[in-house]
Each structure stands twice: as C-alpha cells, then as structure tokens.
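Report on the following structure.
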Number of protein chains: 2
Amino acid sequence: MKTQVTIKDIAKALNISPSTVSRALKDHPDISQKTKDAVNKIAAELDYHPNTIAQSLRKSRSNTIGVVVPELVHHFFASVISGIEDIAYKAGYRVVICQTNEDVTREKINISALISSRVDGVLCSMTKETKEYSHFKSIQNRNIPLIFFDRICNEIKADSVVVQDYEGAYEAVEHLIEQGCKRIAHFKGPDSLLITRQRLNGYYDAMRESHLQIDEDLIIQADDRESARKAIYDLVKSEEPMPDGIFCVNDNVAVGAMMQLREMGINVPREVKIVGFEDDTTFTRLTDPQISSVFQPAFEMGQRATEMFLDELKRKEAHPEKILEPKTPRIEVLKTKVVVRGSSNEQVAQQERARRNYLENV
Amino acid sequence: MKTQVTIKDIAKALNISPSTVSRALKDHPDISQKTKDAVNKIAAELDYHPNTIAQSLRKSRSNTIGVVVPELVHHFFASVISGIEDIAYKAGYRVVICQTNEDVTREKINISALISSRVDGVLCSMTKETKEYSHFKSIQNRNIPLIFFDRICNEIKADSVVVQDYEGAYEAVEHLIEQGCKRIAHFKGPDSLLITRQRLNGYYDAMRESHLQIDEDLIIQADDRESARKAIYDLVKSEEPMPDGIFCVNDNVAVGAMMQLREMGINVPREVKIVGFEDDTTFTRLTDPQISSVFQPAFEMGQRATEMFLDELKRKEAHPEKILEPKTPRIEVLKTKVVVRGSSNEQVAQQERARRNYLENV
DNA sequence: TTGTATGCGTTATCAG
DNA sequence: CTGATAACGCATACAA
C-alpha cells in the first residue's frame with residue numbers, strides 16, 4: 001500500500017490520463033459513465049483520498065473557517081463552536097479552532113497562522129487584553145471576511161453577533177428590584193470588553209430608572225469564582241452595609257459569590273439575592289438554591305456568526321474585482337431572557353427545596 | 001494592498017529571484033545579511049504571510065495534528081485538548097479539532113477529511129458506538145501515526161494513553177466499602193468502551209475482594225444525568241432494598257444520582273454514599289454535599305498523547321523506507337486518585353456543612 | 001469523450 | 001552568494 005495515493009496512480013492503473021480521472025471523480029458531465037465507474041472502483045480499491053492541500057492551492061480557497069476563542073473549557077464557547085460547526089459543515093466548510101487563553105500574543109500568532117493557512121474567513125471572540133487591532137486589520141486587508149461574536153471589537157468595522165447584553169442586564173437588575181432589593185451590587189467584567197460595559201450600563205440604567213442610589217463601591221471587578229469570593233469577603237468585612245442583591249457578569253461569578261456568602265453565614269436569597277449571566281444549566285441548576293441567570297443562546301450565536309460569514313463571502317464574490325469595498329457593519333443582536341430560580345426569589349427557593357425534600361409515595 | 005502577497009511580489013520589488021527571497025526568509029546561511037534585511041523589510045511592509053498550503057504541498061507534510069473527540073462541551077475533552085495544544089505548539093504543530101457528537105458516521109467523515117488534509121498524525125477518542133474500525137486502518141495504512149486516548153481501541157494496534165480506570169474504580173469501591181457500604185451499585189457506561197469495562201472490572205474485583213455479594217440488578221447502564229435520575233427512580237420504586245453506595249462511571253452521573261436521591265428524600269451520604277469519576281471540580285465542589293470522585297489528569301493525558309505522537313513520528317522518520325513496520329503498541333497509564341468529599345463520608349460532609357455555616361468573627 | 005499543457009506558491013537541486 | 005528549474009497534486013482552458 002502506498003503512503004500517498006494520487007490521481008496519477010488511478011490514471012496509470014486504468015491507462016487513462018490524470019485529467020480524466022480528476023473529472024471522473026467529481027462526476028463531470030463530459031465523462032462517460034463507464035469511465036466514471038472504473039475510476040471510482042479503483043479509487044475505492046486504493047483507498048484514494050483527494051489531497052485537499054493540492055486542491056486548496058489550485059483553487060486558492062481552503063474551504064476552511066478559522067475560529068478564535070479565549071478558552072474551550074468555557075462551556076459557553078464550546079457551545080458556540082458547536083453552532084458554528086453545525087452551519088459550517090452543511091455549507092461544506094471545515095472549522096479550525098484556536099485558543100488564545102486570554103493572551104493577546106497568542107491571539108496574534110493564531111490569526112497570523114490562520115492567514116498563512118489561507119482560511120476563507122475568521123470568526124473571533126477577543127481576548128480580555130486586546131487593545132491593539134492591527135492583526136484584525138491584517139485579515140481585512142486581505143479581503144477575508146471577519147466576523148466577531150460575543151466579545152466584539154468596536155474599533156474595527158466588522159459584522160458581529162452579540163446577545164442583548166444591555167437589555168439582559170437591565171432586566172436582571174429590574175428583576176432584583178422587583179424582589180425588593182434596594183442596595184444592589186454589580187460584579188463586573190474587565191472594562192476592555194464591550195459586553196461587560198454594556199452589562200454595566202444596563203445595571204446603571206435599571207438602577208436610575210427606579211431611582212435607586214448607585215454606590216460606586218458596589219461596582220466591583222470580579223469575573224471568576226475566586227475573585228467573586230474575595231469580593232464577597234471584602235464586602236462582609238467592610239463597615240458599609242451589605243448589598244441585598246448582586247448582579248453578576250457571568251454564572252461562574254454567581255457561583256463563587258454564592259459559595260462564599262454561604263460560608264460566611266449569609267443566606268441566599270433571603271439576605272442577598274443573586275442573578276448570573278449566561279445560564280449554563282450544568283451549573284445553575286446544580287446549586288442550592290439554584291441560580292437565576294440571564295439566558296444567552298450560545299449555539300445560535302455560533303450559527304448566526306457562520307451565516308454572516310457566508311453572506312459576507314457571497315457579497316465579496318459578487319464583486320470579485322473591487323477589493324475592500326467598505327460597508328457599514330451589521331450587528332446582530334440575539335435575545336436574552338431572565339430565568340428566575342431560587343437565588344433571587346424566596347418562594348422559588350422554597351419550591352426548589354420542597355421538591356428536593358419531597359418523598360414520593362407513588 | 002494585494003489580497004494575496006507571495007514570494008514573487010517581494011522578489012519583484014527587490015529585483016531578485018524568488019528562490020533568494022525564499023532562502024532569505026528562512027535565514028539560510030548562504031544569503032547575505034544585506035539581502036536578508038531588505039527582504040524582511042519588504043515582507044513586513046507588504047504584510048507577507050507565507051502560504052502554508054503551498055509549503056505543505058511542497059514538503060508533503062502539513063505540520064498539523066488531527067484530534068477527534070466526541071464532544072467539546074465535555075470539560076474533560078476540552079482539558080485534554082489544552083494539553084495537546086500545549087505540546088503541539090511547542091513542537092511547531094497546529095491542531096485541528098473534530099467533534100463526532102458520538103456519531104460513527106461523523107467519525108468516519110472527520111477522519112476521512114483529516115486524511116485528505118494530510119495531517120501528520122491523528123489523536124483520537126472513539127465514539128460510544130464505534131464497532132467497526134476500517135477508518136482507523138485507513139490512517140495506519142498511510143503510515144500516519146495514530147494515537148488513542150481515553151476511549152481507546154483494543155482491536156487496533158496503536159499506541160494509547162489511558163488513566164488507571166481499573167485501579168481508580170477498584171479504589172473508589174474499596175473506599176465505599178471502608179465507609180461501611182455493603183450493598184453497592186454501579187452506574188456503568190456503554191459496554192462498547194474499554195474504559196467502562198475496566199471500571200466495571202474494578203468494581204467487580206473490589207466487591208469480590210471484600211466478599212461482598214454482587215447483585216447484577218445493581219449494575220445499571222447510566223452515563224448521563226438523566227439516565228442516572230431514572231436509574232435512581234427505578235431503584236427507589238423497586239421491591240428490592242436500596243443500595244447504600246453507588247460508584248458512578250463519571251461525574252455527571254454522580255450529579256444526576258445525587259439530585260434525584262435528594263428529590264426523593266434520601267440523604268447523601270447518610271443513606272447512600274456516592275463516588276464519581278473524573279473529578280471535574282467545576283461540578284464536584286459545587287454541590288451539597290460535595291462529590292467524591294476519582295481524579296483523572298486530563299491535561300496531562302493530552303500532553304502524553306501528543307508526546308507519543310512525536311515519538312512515533314521520529315520512529316517512522318528514522319526508517320523512511322520501511323512502511324508499516326509493526327510494533328507492539330505502547331499503552332501509557334496515568335495515575336488516578338480518589339478524592340474524598342462529603343458525598344461518601346458523613347464526617348467530611350459535616351465539615352463541609354460546618355464550613356459553609358461558619359460565621360466568621362475576626 | 002478524452003488528453004495535453006499550465007499554473008497555484010513554495011522550496012530543493014543544480015548551476016553559475 | 002544568487003538564479004533558473006522542476007516538482008508537490010490537482011483542476012481547468014484548450015486542443016483533439
């Protein structure tokens with residue numbers, strides 16, 4: 001068995017020319033059925049696999065989409081990727097995934113590698129640290145469609161998909177207010193990310209709308225479990241009165257806050273009510289009380305981003321000569337929804353507890 | 001700005017030949033420093049990115065490793081992939097990830113695509129449903145190194161990395177026995193997977209070793225949350241006495257079991273003790289009580305699999321002529337460790353609870 | 001209906 | 001030190 005079976009091998013075996021084999025393999029109408037059958041038979045026998053590298057070089061398109069995400073271990077990004085693959089595979093595209101681990105250098109290296117491998121498009125969710133955008137320009141300068149999702153980039157003119165970060169946050173805080181919270185804290189993400197600024201704005205506006213006083217000391221940067229625990233610890237230790245509600249920038253923060261509150265003897269939801277963001281049910285339904293959260297459609301986000309790529313590609317192919325025709329970027333906004341669970345509502349918490357302690361009798 | 005900048009463009013700009021440019025770019029000793037500087041300057045100006053597709057075709061190696069996993073949303077596989085990337089990138093390899101979604105057809109398609117894109121190696125964790133192995137043979141027939149990890153394939157002669165599935169299971173059950181359990185159930189995975197058979201064997205042997213009676217009705221197939229809930233439900237409803245311990249094939253099953261037990265008014269760990277497998281701390285430390293589990297070094301598994309690939313590659317390159325020299329497959333076994341938490345020990349559960357309810361008074 | 005020639009971008013070989 | 005040439009595997013314009 002040869003290590004590398006090529007079109008030539010099939011051609012030799014049948015005493016025909018490589019071009020005929022090439023055409024036969026892709027069912028070209030010019031080729032006789034007899035030849036096609038013979039070619040396919042030999043191809044199967046030799047376990048021929050077309051060399052995509054050669055095909056890509058020849059056609060100067062790789063049929064590949066590059067995806068850049070911070071970390072795969074985040075359930076959110078893993079779900080987005082599933083959505084991307086869903087659409088991409090159906091459209092005949094392969095997906096190459098790159099992780100940045102929140103490191104800008106890694107982001108640049110990855111994007112450079114994607115350009116080198118001549119991907120047909122790039123779908124990207126930025127690092128927390130990204131403040132310089134030349135690598136994104138580099139993509140666009142080559143006329144490669146670039147789509148941002150979730151962690152989008154305001155400084156680059158590119159299509160993007162986000163969720164209703166502002167609205168979701170607004171409604172989450174509104175919900176806390178409806179539950180009777182007066183002194184509401186926000187555990188926010190890094191200021192560099194638009195999504196966290198949007199969520200912060202939603203918080204501000206909901207507070208203002210209800211004429212609640214905004215205490216800047218209650219707006220605390222905390223975007224993982226550990227920093228959330230520390231934030232709670234500091235709040236409890238401080239002279240100031242405790243908040244009675246916390247809107248967290250993501251579910252992990254909500255988890256950390258809840259764990260720490262519990263360890264420090266503070267009851268959720270009675271004393272402090274909590275709402276997260278994302279609604280990763282592998283977490284939010286696991287705790288006691290369960291965690292209220294703003295649901296984000298991750299899978300759908302991946303699908304939409306990929307569809308936007310396909311649209312953009314079509315647009316570019318429609319004008320093959322014109323390079324870099326500018327366009328006002330389209331921002332697709334996906335719906336969020338506040339899911340109320342025990343962490344923000346005593347009655348619901350009671351119900352959860354009741355359900356948990358319900359001894360079935362047939 | 002050109003869409004595609006090539007070596008020729010640089011050559012033209014400097015009035016030198018493409019081959020000189022090629023050599024200058026890779027710092028070939030024959031080329032004068034002056035030329036190198038000039039070339040690099042223009043390359044930077046034009047934002048030249050070497051075409052990896054052309055390079056791959058030319059050198060008939062893609063510097064790419066293909067990775068095939070069931071699902072990215074499983075924290076375990078996401079961690080393994082991080083380990084793979086860690087070693088791969090350092091060795092100058094890119095990583096292409098494919099998801100099968102537990103679908104054999106998808107597995108075959110993905111592997112076919114990887115062969116077509118001429119990956120230099122394949123790291124694979126099989127589907128639950130894989131019972132036919134021609135696609136793996138197809139890889140090996142091309143002399144492409146194939147390494148299995150976690151869900152390995154006994155029927156194919158290939159290097160592989162696993163954890164101490166048998167020992168981990170044995171110790172988990174032994175631990176339950178030490179906690180006083182007499183009637184221990186096992187929620188097992190699909191029989192098609194070697195890992196789940198190994199874990200089952202560990203269960204069997206630990207039970208026999210302690211002269212405990214094995215009730216086949218207590219060995220139940222359940223490998224996700226929902227099936228675990230159903231299994232618990234059925235056990236509670238049955239005429240038979242409840243088990244007092246359950247060894248679960250993974251953490252998700254442990255979570256499902258615990259939730260259902262709680263809802264049905266059965267106390268963990270007092271009435272039923274539980275141990276999971278994997279120790280995904282994003283779960284196991286979240287519940288009340290926390291979940292005891294057999295720790296699996298996922299990141300390390302990825303690292304080792306990649307190192308095995310590199311070794312195998314070296315071996316094959318040392319004998320470039322001989323194709324398919326057979327070799328007794330090497331199976332690397334990584335250490336597991338039982339992590340005891342509240343779900344399997346009342347004292348620990350007390351401590352967790354105490355810690356949770358401890359009102360600090362510093 | 002099939003064959004021939006050419007080129008995609010790069011690099012190794014050989015020549016100068 | 002540099003240049004010309006061929007080849008990697010495939011697809012297509014053109015020829016027959």
Side-chain angles (χ1 to χ4, degrees), chain A residues 2-40 42-43 46-64 92 113 115-120 142 320, chain B residues 2-40 42-43 46-64 92 113 115-120 142 320:
Chain A
K2 283 194 59 169
T3 302
Q4 167 103 301
V5 181
T6 76
I7 260 182
K8 285 185 193 167
D9 298 308
I10 301 177
K12 254 176 228 156
L14 291 170
N15 259 316
I16 58 178
S17 82
S19 44
T20 304
V21 175
S22 172
R23 283 182 279 234
L25 283 170
K26 47 191 21 156
D27 207 24
H28 192 97
D30 279 358
I31 304 294
S32 74
Q33 194 55 48
K34 214 180 79 188
T35 309
K36 283 180 189 168
D37 291 343
V39 166
N40 285 320
I42 301 285
L46 298 180
D47 196 21
Y48 168 78
H49 285 236
N51 186 328
T52 5
I53 295 172
Q55 288 176 322
S56 298
L57 183 61
R58 177 62 234 261
K59 307 205 282 193
S60 27
R61 67 206 308 271
S62 58
N63 267 274
T64 299
I115 292 176
S116 271
S117 60
R118 300 297 188 263
V119 292
D120 298 333
R142 309 185 128 62
Chain B
K2 284 195 55 169
T3 302
Q4 165 103 299
V5 180
T6 77
I7 264 183
K8 286 183 191 169
D9 298 310
I10 302 177
K12 253 176 229 157
L14 292 169
N15 258 315
I16 58 179
S17 80
S19 33
T20 304
V21 175
S22 172
R23 283 182 279 232
L25 284 170
K26 46 190 25 155
D27 206 24
H28 191 99
D30 279 359
I31 303 295
S32 73
Q33 194 55 47
K34 214 181 79 187
T35 309
K36 283 180 189 170
D37 291 344
V39 166
N40 286 320
I42 300 285
L46 298 180
D47 197 19
Y48 169 78
H49 284 235
N51 186 328
T52 7
I53 295 173
Q55 288 176 323
S56 298
L57 183 62
R58 181 60 235 260
K59 307 205 279 193
S60 15
R61 67 205 306 272
S62 59
N63 268 272
T64 299
I115 293 176
S116 272
S117 61
R118 299 297 188 264
V119 291
D120 299 333
R142 307 185 131 62

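None of these values were measured; they are calculated from a predicted model.
- Between B/S17 and D/dG3 there is a side-chain polar atom (N or O) within less than 4.0 angstrom of OP1 or OP2.
- Picking from C/dT10, D/dC1, C/dT4 the nucleotide with the shortest atom distance to the side chain of B/S32 gives D/dC1.
- The separation between A/D30 atom CG and D/dA11 atom P is 15 Å, rounded to whole Å.
- A sub-4.0 Å separation between OP1 or OP2 of C/dG9 and a side-chain N or O of B/K8 is absent.
- Counting heavy atoms from C-beta outward, B/I53 and A/S62 have side chains that approach closer than 4.5 Å.
- Rounding to whole angstrom units, NE2 of residue B/H28 and P of C/dT10 are separated by 18 Å.
- Taking a 4.0 Å limit (strictly below) on heavy-atom distances, residues 49-61 of chain A reaches DNA chain C at A/L57, A/R58.
- Inter-residue side-chain proximity for A/H49 and B/R118 is flagged as met; some heavy-atom pair is nearer than 4.5 Å.
- A side-chain donor-acceptor contact under 3.5 Å links B/Q33 and B/D37.
- In this structure the side chain of A/L46 reaches within 4.5 angstrom of the side chain of A/I10, judged on heavy atoms.
- In this structure the side chain of A/Y48 never reaches within 4.5 angstrom of the side chain of A/I42, judged on heavy atoms.
- Of the inter-residue distances, the one linking B/D120 atom CG with B/S56 atom OG reads 8.0 Å to the nearest 0.5 angstrom.
- Distance B/I115 CD1 to D/dG9 P: 16 Å, rounded to the nearest Å.
- For the pair A/K36 NZ and C/dT1 C1', the computed distance is 11 Å after rounding to whole Å.
- A side-chain donor-acceptor contact under 3.5 Å links A/T52 to the backbone of B/S116.
- In this entry the distance linking NZ of A/K12 with P of C/dG3 reads 15 Å, nearest Å.
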For nucleotides 13-16 of chain D, which of its nitrogen or oxygen atoms have a protein nitrogen or oxygen under 3.5 Å away, and what is each distance?
unit_1, atom_1, unit_2, atom_2, d
D/dA13, N6, A/R23, NH1, 3.2

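- With rounding to whole Å, B/N15 atom CG is found 14 Å from D/dT2 atom P.
- Contact between the side-chain N/O atoms of B/Y48 and the OP1/OP2 oxygens of C/dT10 is found at a separation under 4.0 Å.
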Legend entry - Trace of the side-chain contact (heavy atoms from CB on, under 4.5 Å) decision for A/L14 with A/V39: CA-CA 8 Å; A/L14 291 170; A/V39 166; 3.8 Å; yes

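- Mapped onto DNA chain D by nearest heavy atom, B/I16 and A/I7 fall at different nucleotides, with B/I16 at the one closer to the 5' end.
- Residue A/S22 places no side-chain N or O under 4.0 Å from the OP1 or OP2 atom of D/dG9.
- Listed for the A/S22 side chain is no donor-acceptor partner under 3.5 Å among the backbone atoms of A/P18.
- The shortest side-chain heavy-atom distance between B/T35 and B/R23 does not fall under the 4.5 Å cut-off.
- D/dA11 atom P lies 8 Å from atom CG of A/L25, rounded to whole Å.
- Put simply, B/K34 has no side-chain N or O that comes within less than 4.0 Å of OP1 or OP2 on D/dC1.
- As rounded to whole Å, 13 Å separates atom P of D/dG9 from atom CD1 of A/I10.
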